[in-house]
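Have a look at the structure below, then the notes.
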Amino acid sequence: MSWCKKSRSCKEGRPNLIDYMKNGEVDRINTPSGKGARTDEGKIRAGAVMNRVTCITTLAAAEAAVEACKALRDAS
């Protein structure tokens, strides 16, 4: 089951997305695009790599990930 949760930006305080990743509460993220979102982008991507969290940055990549998961499920 999947769910969405909006989190604070890093500059807005804690808990934020990086805290959730460190605590194992997140298994994949989709970072928004746009001028305001760029300030935390590097921190979020670095946190995702350090905590082994999948980071998807575009709708096309999200759709490809869903199709890959379906293919893996159907192959087993």
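Everything quoted here is computed from the prediction, not taken from an experiment.
Residues Val26 and Leu17 have side chains in contact (heavy-atom distance under 4.5 Å, counting atoms from C-beta outward). For the pair Asn16/Ser9, no side-chain contact is recorded, criterion being any heavy-atom separation below 4.5 Å from C-beta on.
With sequence neighbours excluded, no residue satisfies salt bridge (charged side-chain N to carboxylate O under 4.0 Å, His left out) with Arg73. Looking at residues two or more places apart in sequence or on another chain, you find a side-chain contact (heavy atoms from CB on, under 4.5 Å) between Ala61 and Ile56, Thr58.
Here the straight-line distance linking atom CG of Asp40 with atom CD of Glu12 works out to 8.0 Å at 0.5 Å rounding. How far CD1 of Ile18 is from OG of Ser7: 9.0 Å, rounded to the nearest 0.5 Å. Taken to the nearest 0.5 Å, the CD atom of Glu67 stands 11.5 Å off from the CG atom of Leu72. Taking CG from Asn51 and CG from Asp19, the interatomic distance works out to 10.0 Å, rounded to the nearest 0.5 Å. From Tyr20, atom OH reaches atom CZ of Arg8 across 6.5 Å, with rounding to the nearest 0.5 Å. Note: Arg28 CZ to Met21 CE = 14.0 Å, rounded to the nearest 0.5 Å.
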